[in-house]
Amino acid sequence: MSEVRVRIAPSPSGNLHVGTARTALFNYLFAKKNNGKFVLRIEDTDAERTSQAYIDNIFDSLKALGLNWDEGPDVGGEYGPYTQSERFDIYPKYAQMLLDNGFAYECFCTPEELEHEKEIATANKQAYVYSKKCEHLTPEEKAKLIAEGRKPAIRFNISKAQKAFHPTSELSFNDLVKGELKQNTDLFGDFVIMKSNGTPTYNFAVVVDDMLMKISHIIRGEDHISNTFKQILIYEALGAEVPKFGHLGMILAPDRSKLSKRHGATAVSEFVEKGYLTEALINFVALLGWSPSDGEEIKTVDEIAKDFRIGDVSSSNSIFEYDKLNWMNSHYIKMLDIETLKEKLKPFLTKYDLSELTDAQYTRMVEVTREPLVILSDITDAVPYFFGETVEIEPEVQRDVLDTEVSQEVLKEFARQAKDWEFEEENLHEKLEVFRGEFKEKGIKPKQTMWAIRAAVTGRTRGADMTATLAILGKDKVLKRVEKAIK
RNA sequence: GCUCCCAUCGUCUAGAGGCCUAGGACACAUCCCUUUCACGGAUGCGGCAGGGGUUCAAAUCCCCUUGGGAGUACCA
């Protein structure tokens, strides 16, 4: 196999799923590591479920994750088109080739007839395999059926291909991640490759496309293992070179079922909307099944590419746990430079009037509130007290803090002193230190002193650094809020 | 039902017969730091699914059981 060419072939029947993103990542890594090409192909043969919005979402998500493709619908390439619906005229030709060399035949069975066969099989507790009853139809019989208005589907003659290319009914291949995989192909029925409406089925379209696009390595989820045996036989029947396959374990939800909507976000775009950074998401997903040789888990995609070996990827399923993703996301947020963070936070601050703050104030606000952010959207509930003249006091805060005698005393004294202070951070820092000292002598803990002020100014008992908060709000707002808290 | 895949702390994993008294990360707990929350630092808790083999030696190899996952469409 001369050039390494891998592909990701999502079906646009939904937004880009994190599982697909991981598969895309491993393909991308494999291409990078082996100096190969990464191609994107859109598998939209099922017009019913396809939509342009999903296609756009797939493009955008992949780009946001930094998984740029060398060939694809938008960038083109030598082996296009890269959208299956634009390739519909290609498939019949290859189906005809299989019809001609006897590895496929026309099937006129109706859905009802097929359903009946299945029922009999299940009644006898047998695995269903197509009866092959159309395999040897004579030209006259076919003509009669066609005259009745029936349109044939084309089935692949699996046992014939198996016999032609393999000594026994067992087919095996060496999987890049799982090692030798085998299967008795007698268990597969002759499956349809061209539907009666003239469009190809998945198993046929992929093979034709991968063959024509000269895909050398197919890395995909293990849900495709059984398809692989069928596909290998098609390659052989077509006289094509069979690519190498590698099957990845699946990503499961914490309850070990398939990751679905009810577990929360599943699409990359949904994670982004929730405030996850794509850098964190892709890093996290890389660690599902792969681990760095140096033990350093925080890595960019390019760094991972250098260290990546497909044979090292775990062959078992892995569970998508938010704990580690969250940790990783908070880590990436910490690494963001302030200007970038300010921009990324804006979508989560739309309920506030940012024009109340100068750029310097906004910068400072972000600096002092960024520390505990796990996801970007956490900012929303972290900053309400930086906006508006007054502030909403939480009931418990009113009762447990503001209503106490100590707090009232602190606030009265604060109001008296602070009106002469310059509200600049360094100065406030010194002033507050002295202020705390005064109360400490009266037996009031520094913590209590600060709590009173914090409660009056922010309505909460926890939040950003107090000195910075006071400076950002300015003397007017602070004193107004303090006065209001005094009984 | 049938077929296939998988099996190390709660989770992601390191581990390719002796380096394993099983290592790391996340989570959790405790302590330290501290004007709150947090961050950070330190320590701790916690696992080879079970049973048989093979071998001087098994988390590592084989078999069975169990558990989990996937496939079984004129969906992809």
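Below, chains carry the letters A, B, ... as their sequence lines are ordered, and counting in each starts from 1. Remember, predicted model here, so these are calculated numbers, not experimental data.
Taking the C1' atom of each, B:G71 and B:G10 are spaced 30 Å apart, rounded to whole Å. Atom C1' of B:G67 sits at a distance of 15 Å from the matching atom of B:G51, rounded to the whole Å. Spacing between B:A58 and B:C63 at atom C1', rounded to whole Å, works out to 15 Å. When the P atom is compared between B:C37 and B:U30, the two are found 14 Å apart, to the nearest whole Å. Nucleotides B:G24 and B:A14 place their C1' atoms 7 Å apart, quoted to the nearest Å. Comparing B:A16 with B:U8, their C1' atoms are spaced 15 Å from each other, to the whole Å. Look at the P atom in both B:A59 and B:G53: the space between them is 15 Å, to the nearest Å. For the C1' atoms, the distance linking B:U60 with B:C48 amounts to 10 Å, nearest Å.
Counting all heavy atoms, side chain and backbone alike, A:V301 lies closest to A:L65 at CG2-O, 4.4 Å. Smallest separation of non-hydrogen atoms from A:R155 and A:D190: NH1-O, 2.6 Å. When all heavy atoms of A:L411 and A:A456 are compared, the pair lying nearest together is CD2-CB, 3.7 Å. Annotation for A:D44 and A:Q84: closest pair OD1-N, 3.4 Å, computed over non-hydrogen atoms.
Nucleic acid contact class of A:Q183 (heavy atoms, under 4.0 Å, all strands): sugar-phosphate only. Using a 4.0 Å heavy-atom distance criterion, A:L181 is classed as a sugar-phosphate-only contact. Using a 4.0 Å heavy-atom criterion, one finds that A:A464 contacts the bases of the nucleic acid, with or without backbone contacts as well. A:D44 comes within 4.0 angstrom of nothing in the nucleic acid, heavy atoms only. No contact: A:H331 has no heavy atom under 4.0 Å from any strand. Among the atoms of the strands shown, only primed sugar atoms or phosphate atoms (P, OP1, OP2) are found under 4.0 Å from some heavy atom of A:K182. Using a 4.0 Å heavy-atom cutoff across all strands shown, A:N227 reaches at least one base atom of the nucleic acid. Using a 4.0 Å heavy-atom cutoff across all strands shown, A:E297 reaches at least one base atom of the nucleic acid. Within the 4.0 angstrom heavy-atom criterion, base atoms lie near A:R49. When heavy atoms are screened at a 4.0 angstrom cut-off, A:T461 is found touching base atoms of the nucleic acid. Using a 4.0 Å heavy-atom cutoff across all strands shown, A:G249 reaches no nucleic acid atom at all. Using a 4.0 Å heavy-atom cutoff across all strands shown, A:G189 reaches no nucleic acid atom at all.
Checked against the 6.0 Å centroid criterion, the rings of A:F59 and A:W69 qualify as a close aromatic pair. The distance between the ring centers of A:F320 and A:Y322 falls below 6.0 angstrom.
Note: CD1 (A:I453) to C1' (B:C37) measures 17 Å, nearest angstrom. Counting to the nearest Å, the C1' atom of B:G71 and the CZ atom of A:F191 are 14 Å from each other. A straight line from OH of A:Y332 to P of B:C26 spans 14 Å, rounded to a whole angstrom. In this entry the distance linking CG of A:N317 with P of B:U11 reads 13 Å, nearest Å. In this structure, the NE2 atom of A:H224 is 14 Å from the C1' atom of B:C5, given to the nearest Å. Distance, A:R220 CZ to B:C4 C1': 14 Å, rounded to whole Å. Atom CE of A:M466 is separated from atom P of B:U35 by 15 Å (rounded to the nearest Å). Atom C1' of nucleotide B:C5 and atom NE2 of A:H247 are separated by 11 Å, given to the nearest angstrom.
Considering only side-chain atoms of A:K195, the nucleotide from B:A76, B:U3, B:C26 that sits closest is B:A76. Of the candidates B:U13, B:C26, B:G69, the closest approach to any side-chain atom of A:S291 belongs to B:U13. The side chain of A:W327 approaches B:A25 more closely than any other nucleotide in the set B:U36, B:A25, B:C4. Out of B:C75, B:C5, B:C26, the shortest distance to the side chain of A:T201 is found at B:C75. Among the nucleotides B:G69, B:U36, B:C74, the one closest to the side chain of A:K447 is B:U36. For A:S316, whose side chain is taken as the heavy atoms from C-beta onward, the closest listed nucleotide among B:A14, B:C6, B:A76 is B:C6. Comparing atom distances between the A:S315 side chain and each of B:A38, B:A25, B:A7 picks out B:A7 as nearest. Of the candidates B:U35, B:G1, B:C74, the closest approach to any side-chain atom of A:A153 belongs to B:C74.
Here the options are A:C134, A:S196, A:P152, the test is side chain to side chain contact (heavy atoms under 4.5 Å, CB included), and the partner is A:C107; only A:C134 passes.
Of the nucleotides present, B:G1 is the one that pairs with B:U72 by Watson-Crick or G-U wobble criteria, both distances under 3.5 Å. With a 3.5 Å ceiling on both atom-pair distances, the Watson-Crick or G-U wobble partner of B:C56 is B:G18. Base-pair partner of B:A7: B:U66 (Watson-Crick or G-U wobble, both distances under 3.5 Å). Across all strands shown, the partner of B:G40 is B:C32, judged by Watson-Crick or G-U wobble contacts whose two distances both fall under 3.5 Å.
Checking A:N227 against A:Y202 by side-chain atom types alone, no donor-acceptor pair falls below 3.5 Å. Neither side chain, A:K244 nor A:N174, offers a donor N or O lying under 3.5 Å from an acceptor on the other.
Each of A:Q84 and A:Q126 was assigned the nucleotide of RNA chain B with the nearest heavy atom; the assignment lying further toward the 5' end belongs to A:Q126. Across the interface with RNA chain B, nearest-nucleotide mapping of A:T467 and A:L288 shows A:L288 to be the residue nearer the 5′ end.
A salt bridge is absent between A:D175 and A:K178; no separation between the charged side-chain nitrogens and carboxylate oxygens falls under 4.0 Å.
Phosphate contact (OP1/OP2 of B:G71, side-chain N/O of A:K230, threshold under 4.0 Å): absent. Considering only side-chain N and O atoms, A:S257 lies nowhere under 4.0 angstrom from the phosphate OP1 or OP2 of B:G69. Taking 4.0 angstrom as the limit, A:T45 places a side-chain polar atom (N or O) nearer than this to OP1 or OP2 of B:A76. In this structure, A:K118 does not reach the B:G1 phosphate: none of its side-chain N or O atoms is under 4.0 Å from OP1 or OP2. A sub-4.0 Å separation between OP1 or OP2 of B:U11 and a side-chain N or O of A:R256 is present. Residue A:T449 places no side-chain N or O under 4.0 Å from the OP1 or OP2 atom of B:U35.
Side-chain N/O atoms of A:S196 and base N/O atoms of B:C74 include a donor-acceptor pair closer than 3.5 Å.
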